[in-house]
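We count residues from 1, following the sequence as given. A quick note: this is a predicted structure, and the numbers were derived from the prediction, not measured. When reading the values below, keep in mind they use all heavy atoms of this one structure, side chains included, and skip hydrogens, waters and symmetry mates.
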Amino acid sequence: MIKKILVAIEYDDTSNDVFKQAITLAQALHAQLNLINVSTPREDISFSFSPYSDQDWRLYAETYREGKMASFKLLERLAEQAKATGIEAECAQAIGSPGPAICQLAKSWGADLLMVGSHGRRGFSEMLLGSVSNYVVHHATCSVMVVHEPDRADAGD
């Protein structure tokens, strides 16, 4: 029986589709939601060599901090929307590699279902960019639902 749904929310277009489906499912199953986002600092060693300055590092750190805050505000807003529909919801933010962090959070929270979005990358682009949803499907200790991004070209039909 599904009572705890962990929903991985990215700060992008796919989060809306994942969240809508999570709300619908949680209402039907009387399940609680935990909305999570994984913030990934880029560890680019090229910054340690010239021509990058302390100012470049400060700009990078500030941009990362702002993005992390914006992502958490999104989580809070979505959790409030879920609560307004009568769903028990909480949110959390982790730092690290998204796939492993999502799987670890699902396991430690005791999720019955993990929901992730997919951009639909295939072939070479998936290999180069990686696939969080693919990692999660193969490593999660609970069931996984992958919400595919709608084909925007067909959205007007």
- Within-4.5 Å side-chain heavy-atom neighbours: Gln21 and Thr24: no
- Note on the structure: Closest non-hydrogen atoms of Cys103 and Ala140, given as atom of the first, atom of the second and distance, are SG-N, 3.6 Å
- Does a side-chain N-to-carboxylate-O contact under 4.0 Å join Arg65 and Glu62? yes
- Message: Just checking Lys73: does its NZ atom have more than 12 heavy atoms from other residues, nucleotides or ligands closer to it than 6.0 angstrom?
- Response: no
- Task: Indicate yes or no: at least one non-hydrogen side-chain atom of Phe72 is less than 4.5 angstrom from one of Lys68.
- Result: no
- Query: Are any side-chain N or O atoms of Gln93 and backbone N or O atoms of Ser39, one a donor and one an acceptor, separated by less than 3.5 Å?
  - Reply: no
- Task: Can you measure from OG (Ser71) to CD (Glu76) and round to the nearest 0.5 angstrom?
- Result: 11.5 Å
- Message: Tell me if a side-chain donor or acceptor on Lys83 pairs with a main-chain N or O of Glu90 at a distance below 3.5 Å.
- Response: no
- Give a yes or no answer on whether the side chain of Thr40 reaches the backbone of Gly96 with a donor-acceptor pair at less than 3.5 Å. yes
- Step by step, would you call Leu6 with Leu105 a side chain to side chain contact (heavy atoms under 4.5 Å, CB included)? CA-CA 8 Å; Leu6 185 76; Leu105 284 166; 4.3 Å; yes
- Query: Which atom names give the shortest non-hydrogen contact between Ile95 and Val38, and what distance separates them?
  - Reply: C-CG1, 4.4 Å
- Item | Contact summary for Ala22 and Leu33, nearest pair of heavy atoms | O-CD2, 4.1 Å
- Query: Do other residues, nucleotides or ligands put more than 12 heavy atoms under 6.0 Å from Lys20 NZ?
  - Reply: no
- Does the Asp112 side chain pair with the main chain of Lys4, one donor and one acceptor, at a distance under 3.5 Å? yes
- Note on the structure: dist Leu114:CG -> His139:NE2 (nearest 0.5 Å) comes out at 13.5 Å
- Note on the structure: Heavy atoms of Ala92 and Leu75 approach each other most closely as O-CD1, 3.2 Å
- Straight-line distance of Cys91 SG to Ile9 CD1, nearest 0.5 Å: 10.5 Å
- Query: Rounded to the nearest 0.5 Å, what separation is found between the NZ atom of Lys107 and the SG atom of Cys142?
  - Reply: 11.0 Å
- Query: Given the rule that I, L, V, M, F, W and Y join up when any side-chain heavy atoms are under 4.5 Å apart, are Tyr135 and Ile102 in one cluster?
  - Reply: no
- Any idea which heavy atoms bring Met115 and Val18 closest together, and the distance? CE-O, 3.9 Å
- Gln32 CD: over 12 foreign heavy atoms closer than 6.0 Å: yes
- Smallest separation among heavy atoms of Met145 and Leu113, with atom names: N-CD1, 3.9 Å
- Approximate separation, where rounding is to 0.5 Å, of Leu25 CG and Ile5 CD1: 4.0 Å
